[in-house]
Amino acid sequence: MNENSSSNTNGDIDRWLEWIKDCKYLPETDFKQLCTIISDIFFEESNVQPIFSPVTICGDLHGQYYDVQELFRTGGYPPDTQYIFMGDFVDRGYYSLETLTQLLVFKAKWPDRITLLRGNHESRQVTQVYGFYDECMKKYGNANLWRFCCRLFDLMPIGALIDNEVLCIHGGLSPDIGTIDQMRIIERDQEIPHRGGFCDLMWSDPDDIDWWAISPRGAGWLFGEKPTSQFMHNNQLSLICRAHQLVQEGIKFMFDEHLVTVWSAPNYCYRCGNIAAILAFHTATNHETKLFNAVPDNQRVIPSKTTTPYFL
Amino acid sequence: MSDSKAEASTVPSQKPVPKIKDISLMKAWKDSKAYREYTLFVQSLNRAVHGLKNSDTVPLSPTLDKLIILLNQLDSFIDQCPPKGRSRFGDAGYRDWHGKLEQESQQLLKDALPEQYHNYIEELNGYLCDSFGNSTRLDYGTGHELAFALFMLCLCKIEALTEQDSRAMVLKLFSRYIDLCRKLQRTYYLEPAGSKGQWCLDDYQFLPFLWGSSQLTDDGPIEPKQAIDERFYRDLSNDYLYLGAVKYINEVKTGPFFEHSSTLYDISNVAHWSKLNQGMVKMYHGEVLDKFPIAQHILFGNLISFDPVPKPTGEGLFKKPAPVANQ
């Protein structure tokens, strides 16, 4: 990329930053351009991105744009605060497109200051069931942008490793994956498979069991304290951070504080009444929980009514 | 339907099973007898409740009355199966309730139905037990609602319920079913199954909006744009399924209505109830019946048949929907 086009790109990114501040999604051509920029960045990233503290980690967001603004007010804005987002940016909430756009624009502007990991909702199948597909159809009138996003999801890193000792991943462990090196050789550029190691990393949940159990979700596993401590020992980890499960209090430590679930979508699905949390690591062993609540109704803009095709 | 009872009675009752194993079978589902009969059934009930209130006096057969009692009994099980406390969606206490449902349901059906229908109980029981959510996943959605509607269709096919019951089926029986489901959803915090959230109508239900929009008419008490405004629907929500459903959403959800229920917000802009009702029928096909994630769980047996509609003529498969008063 020559200097001229690079400065043009920078101008575009700054324009998009202004645009998304008002919860406005980008015109189709701009969004495609943004996707192209981000694809190039993701392509260079490892399956397990190495990160150095200080860094703040975040759990599921699920399209709650206004609450994501509250997250940044709570944790600080990039580039001053470095972030790892552990997936599930889209589905369920009304503003998946705007939420994803916000994160992608930050990523384009400061690629080294924000890491975006894949979650189980960053997938073709799941977004067609839980809303993001319908949202793209409604807001853009076609599925092109949804296809672009899915292509981008395929390229997202699977995990992040802070200071070589804190592993961040969306779901949890897999009986097929005993080492981080095994995570590094996954062919990640694909739709999340229905079973196997990659699938489990996106879908598994910790539980108060000894070893492994079938997950009621129908994908991934329930994993207990023993496989967790074994995995931590084998990979010389001090902590596993993951998201994927609603926690009423925003954050929940398990297994003698060796595993933590971070949940960053307050009042999930507009009904759960939960608090949200982010976890700021000053160093790998010194971390601080920051909590925040859903943004009140009067701070949200009311969209105009549009026509739903079935009712034309 | 003239021959369906005879057809059904020649084959033994069987436990219904899912048949739409993969997405390639969706075409066979849409071409099946079940799809055709169910579609006609939903439309027939839609016409039957046109302009009627839940509290209107309509014919109520002894069987229908007993089915409402059956639902009351299932409701009473909730008190015997208290919630156990949760960390996310789904309270494990629901498994106790569902266990009790499975344990008691056949006997409850025997109590509710005259003896001549007892041959069908195994088949009916499959739909009844599938009507209230999934005890493994601790979730509930429009697929379970569909199972209950199929349960009602089965009762019609064996003629335990008749055309005379069609209004009461929606206004009394289905309305009681919805009340019970809401109580289950709230008590056990059931996860919305396969929910698109605001991109569909509601996390849990569809039919209260479909049949409910037929209850409301342009010369009735409320306009579509008032139906999401509490000031207007407050005193009407017990009498109209649509308004009851909107009220329930506002009880369980917080945050702005235009965000958590954007489709309902958008369609409140539709000028006439008749237009809204037509849209609901189309949307029910598009978002529920024709969606593989939901269809894959539909149960088929002798009464709800996966066999194709015989070609070229589809006449005589299903009793012609009754002409409805006031139309």
Side chain, backbone, both or neither: which part of B:Pro256 has a non-hydrogen atom closer than 4.5 Å to chain A?
both
Salt bridge A:Asp67-A:Arg300, side-chain N to carboxylate O under 4.0 Å:
yes
For chain B, which of A:Leu312, A:Asn274, A:Ile302 has the most heavy-atom pairs under 4.5 Å?
A:Ile302
A:Leu61, A:Ile57, A:Asp60 screened by side chain to side chain contact (heavy atoms under 4.5 Å, CB included) with A:Met86, the one that passes:
A:Ile57
For A:Asp154, is there an ion pair with A:Arg118 - N to carboxylate O distance below 4.0 angstrom?
yes
Pairs of heavy atoms under 4.5 Å with chain A: top-ranked of B:Arg137, B:Met280, B:Lys291
B:Met280
So which of A:Tyr66, A:Tyr310, A:Tyr133, A:Tyr95 has the largest heavy-atom pair count under 4.5 angstrom toward chain B?
A:Tyr310
Salt-bridge contact A:Asp210-A:Lys226 (side-chain N to carboxylate O under 4.0 Å)
yes
Tell me, for B:Val270 versus chain A, whether the close heavy atoms (under 4.5 Å) come from the side chain, the backbone, both or neither.
side chain
Could you look at A:Gln128 and say if it's the side chain, the backbone, both or neither that has a heavy atom under 4.5 Å from chain B?
backbone
Name of the residue among B:Gln185, B:Glu191, B:Gln205 meeting side-chain hydrogen bond (donor to acceptor under 3.5 Å, both in side chains) with B:Tyr140
B:Gln205
